[in-house]
Novice: 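Attaching a single structure in structure tokens format; questions to follow.
Naming: A, B, ... by sequence-line order, numbering from 1 per chain.
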Amino acid sequence: KAGVTQTPRYLIKTRGQQVTLSCSPISGHRSVSWYQQTPGQGLQFLFEYFSETQRNKGNFPGRFSGRQFSNSRSEMNVSTLELGDSALYLCASSYKSGGEYEQYFGPGTRLTVT
Amino acid sequence: TQLLEQSPQFLSIQEGENLTVYCNSSSVFSSLQWYRQEPGEGPVLLVTVVTGGEVKKLKRLTFQFGDARKDSSLHITAAQPGDTGLYLCAGDFYGNKLVFGAGTILRVKS
């Protein structure tokens, strides 16, 4: 079974631009979550989508948005990029079996804002 | 706000030594996961613990879930250079959302 894939792997953007990142979950997983990882703040939850609906949202400004398609693929968009948005953006797909909620991460997209 | 505190933040040991990483919270988890992450890659799930008092073993790694389901530990026996990485605990607080600890950077020197 193929793992979570994210594209692109690396991206360099200029302050003020916008960016769209893509994530394809593991086949059969309907939940996709996005995280931002920085050395200073660690892994921070952005949002989760399930069956094309945003189910949970973290404490990020409205410049960060996402969506999920009917095939469970998800995109994340950041508008008006700031230097502080430079980070590793991770996507995770998940399922819940019984009492266990497990997430499987993609390799991430390394975004650098200059 | 649910918080997970991980300790230590950084650990540098010699090959063959044992170590323990701790993950603590004031809140009860419905389940807890441990991940290992290498530079430039996403975290890889190592184990999920669900039942209070549960102990799971994965080769030289032993994971324990506290009786009250508020804390967990990861013990590595006879560490090897290949164990080097960032170890993360993540708790599910019944909300279909994982909260991550800040992580423990482990460096095993040969």
Novice: With a 4.5 angstrom heavy-atom cut-off, is it the side chain or the backbone of A:Leu88 that approaches chain B, or both, or neither?
Specialist: side chain
Novice: Would you indicate whether B:Glu5, at its atom CD, is surrounded by more than 12 heavy atoms from other residues, nucleotides or ligands within a distance under 6.0 Å?
Specialist: no
Novice: Does CZ in B:Arg107 sit with more than 12 non-hydrogen atoms of other residues, nucleotides or ligands closer than 6.0 Å?
Specialist: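 At most 12 heavy atoms, drawn from other residues, nucleotides or ligands, come within 6.0 Å of this atom.
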Novice: Distance-only criterion, 3.5 Å: show the donor-acceptor pairs between side-chain atoms of residues 6-15 of chain A and protein atoms not counting sequence neighbours.
Specialist:
from	atom 1	to	atom 2	distance (Å)
A:Gln6	OE1	A:Cys91	N	3.1
A:Gln6	OE1	A:Gly108	N	2.9
A:Gln6	NE2	A:Tyr89	O	3.0
A:Arg9	NE	A:Gly108	O	3.2
A:Arg9	NH2	B:Gly40	O	3.2

Novice: Over all heavy atoms of both residues, which pair between A:Gln103 and B:Leu45 is shortest? Give the atoms and the distance, please.
Specialist: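 That closest heavy-atom pairing would be O-CB, 4.1 Å.
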Novice: Tell me, which pairs form a salt bridge (Lys or Arg N to Asp or Glu O under 4.0 Å) where one or both residues lie in residues 56-81 of chain A, sequence neighbours left out?
Specialist: A:Arg63-A:Glu82, A:Arg63-A:Asp85, A:Arg67-A:Glu75, A:Arg73-A:Glu75
Novice: Below 4.5 Å, heavy atoms only, C-beta onward: do B:Val99 and A:Phe45 meet side chain to side chain?
Specialist: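 The answer is no; the side chains never approach within 4.5 Å.
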Novice: Assigning hydrophobic clusters by single linkage (Ile, Leu, Val, Met, Phe, Trp, Tyr; side-chain heavy-atom cutoff under 4.5 Å), is B:Leu11 placed with B:Ile76?
Specialist: yes
Novice: Against chain A, label B:Leu32 side chain, backbone, both or neither, depending on which of its atoms sit under 4.5 Å from a heavy atom there.
Specialist: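 Neither part.
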Novice: Does atom CG of A:Asn71 have more than 12 heavy-atom neighbours, drawn from other residues, nucleotides or ligands, at distances under 6.0 Å?
Specialist: yes
Novice: Which atoms form the tightest heavy-atom contact between B:Pro43 and A:Leu43, and what is the distance?
Specialist: CG-CD1, 4.2 Å
Novice: Chain B heavy atoms under 4.5 Å from A:Tyr35: which part of the residue, side chain, backbone, both or neither?
Specialist: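 The answer is the side chain of A:Tyr35.
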Novice: With a 4.5 angstrom heavy-atom cut-off, could you sort out which part of A:Gln44 is near chain B: side chain, backbone, both or neither?
Specialist: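 Looking at A:Gln44, nothing touches chain B.
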